[in-house]
2 protein chains.
Amino acid sequence: MIVMRYPEGHKDEVHDRIVKSTSQALRSHGLGGISIPALMKRAGLTHGGFYSHFPDRDALVAEAISAAAAETAEHVFGDDQQLPDVLDRYLSRSHLDHPTHGCVLAALGTDGARQPAQVRRAFSEAARGMLRLLERKLHPKKPTASLSDETLARASMMIGAVVLGRLVNDAPLADRILEAARKHSSD
Amino acid sequence: MIVMRYPEGHKDEVHDRIVKSTSQALRSHGLGGISIPALMKRAGLTHGGFYSHFPDRDALVAEAISAAAAETAEHVFGDDQQLPDVLDRYLSRSHLDHPTHGCVLAALGTDGARQPAQVRRAFSEAARGMLRLLERKLHPKKPTASLSDETLARASMMIGAVVLGRLVNDAPLADRILEAARKHSSD
DNA sequence: GATATGCCATTATGATCGTCATGCGATACC
DNA sequence: GGTATCGCATGACGATCATAATGGCATATC
């Protein structure tokens, strides 16, 4: 029997708070763009206690990636969202302007393949998760878990459009990119 | 009249060597994944002379981004490449496996929007350049410089497919993503 | 050949990083 | 209420970073 010296679940709450705020901070500052002290400060703590919550920085990053993916799964691919809603949300100016609460693949994707195994795995799982969710929206009836070419191509275009739209220093062009992707996604 | 103490154009050659090797190093290690000393060492120098070539790190990074974009423009979008060749090269396993010599947008794109103005501008120009080149391949006759929706959507899918293909920890799935993007790009 | 000078190496500086050891205050159990 | 102990803060460590000053060597001119 483990004795709890703090309110039951207190540490878990703090742990979650660190992971959640980190998942946002990473999306807006980049995977290596924010330090442990800064991340802890955002969670209302100092850097001291960090290593009682995570073995190292990568462990937190990996958890934060997964948390971000779960957030998008809920907000964009939720059960009550139909395919057109999914496309409208993902391919929206609001998504472009707020990477902090947006898709982690579009925000940090190009860094994923360069990360240590632990973090890389989290990215890979996030990608497969998004593909599965999109497949379900495209083919709600089919019970199969396999991914169609249509899903793979559309997911690519969605991610690419957000990446490209954020890159071009030209709001009207960015809007046209989103629009073009929406059109070609729902032909 | 400027007196040259080293062989004429020597400094320019060294400058180019630093930029070229940096453009490769950044694509394989990330924008912030390699230090000035390491970058200079790759060019066969020590870090000492760095600031006689560039005002600061961002200036080198910006030049390296532009150099990488020019390399891809030549290797993938060269004048002798037809549209199917362009798609085959961009959406290939070889491209997936060798980001060092691949498209800078697919390798570093998600970091671009977070960079200081100088670097951001280089990314934005690289993106517009790729869009222009793709437009020309899609509509070789049209003299207009405007970008069609088709170009915007296809460019998005191409970039997204490479990003996604590199992310998933599963070679067969990555190949299917590339294939799906090729199919949907040349329907 | 002597000299002036451009180019790069050596070295230094201050800041910040990830990581870790230690200590204090708060809390749950007896 | 006393006490053991959990969670976090304080502070420190070595490493590494971007940046900068200085000096030596190689070379083009005379």
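Basis for what follows: all heavy atoms, side chains included, without hydrogens, waters or symmetry-related copies. Quick note on labels: first sequence line is chain A, next is B, and so on, each numbered from 1.
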(request) Given side chain to side chain contact (heavy atoms under 4.5 Å, CB included), test L31(B) with F123(B) step by step and report yes or no. (result) CA-CA 12 Å; L31(B) 282 184; F123(B) 269 110; 3.8 Å; yes
(request) Check the distance between dA15(C)'s C1' and R57(B)'s CZ and give it to me in whole angstrom. (result) 16 Å
(message) Without decimals, in angstroms, what is the distance between D56(A) CG and dT19(C) P?
(response) 5 Å
(request) Just say parallel, tilted or perpendicular for the rings of Y90(B) and H95(B), cut-offs at 30° and 60°. (result) perpendicular
(message) Quiz question: going by heavy-atom distance under 3.5 Å, is there a donor-acceptor pair between the base of dG11(D) and the side chain of H47(A)?
(response) yes
(request) Would you indicate which nucleotide in dA9(D), dC8(D), dC8(C) comes nearest to any side-chain atom of V14(B)? (result) dC8(C)
(request) Starting at atom CZ of F50(B), determine the distance to atom C1' of dT11(C), rounded to an integer number of angstrom. (result) 18 Å
(request) Find the distance L31(A):CG to dG18(C):C1' and express it as a whole number of Å. (result) 16 Å
(message) If I take atom CD from residue Q24(A) and atom CG from residue L39(A), how far apart are they, to the nearest 0.5 angstrom?
(response) 11.5 Å
(message) What's the separation between atom CD in E125(B) and atom OG in S66(B), rounded to the nearest 0.5 Å?
(response) 8.0 Å
(message) Rounded to whole Å, please give me the gap between CD1 in I34(A) and P in dT16(C).
(response) 14 Å
(message) Nearest heavy atom decides the nucleotide; on that basis, is G48(A) or P37(A) closer to the 5' end of DNA chain C?
(response) P37(A)
(message) For dC17(C) and S35(A) - does any side-chain N or O of the residue sit under 4.0 Å from the phosphate oxygens OP1/OP2?
(response) yes
(message) Can you tell me if Y51(A) touches the phosphate of dC20(C), counting only side-chain N or O atoms and a distance under 4.0 Å to OP1 or OP2?
(response) no
(request) Take atom CD1 of I18(B) and atom P of dA9(C), then tell me their distance rounded to the nearest Å. (result) 9 Å
(request) Specify the separation, in whole Å, of atom CD1 of I36(A) and atom P of dG18(C). (result) 5 Å
(request) Please state how far atom NZ in K41(B) lies from atom P in dT10(C), giving the value in whole angstrom units. (result) 11 Å
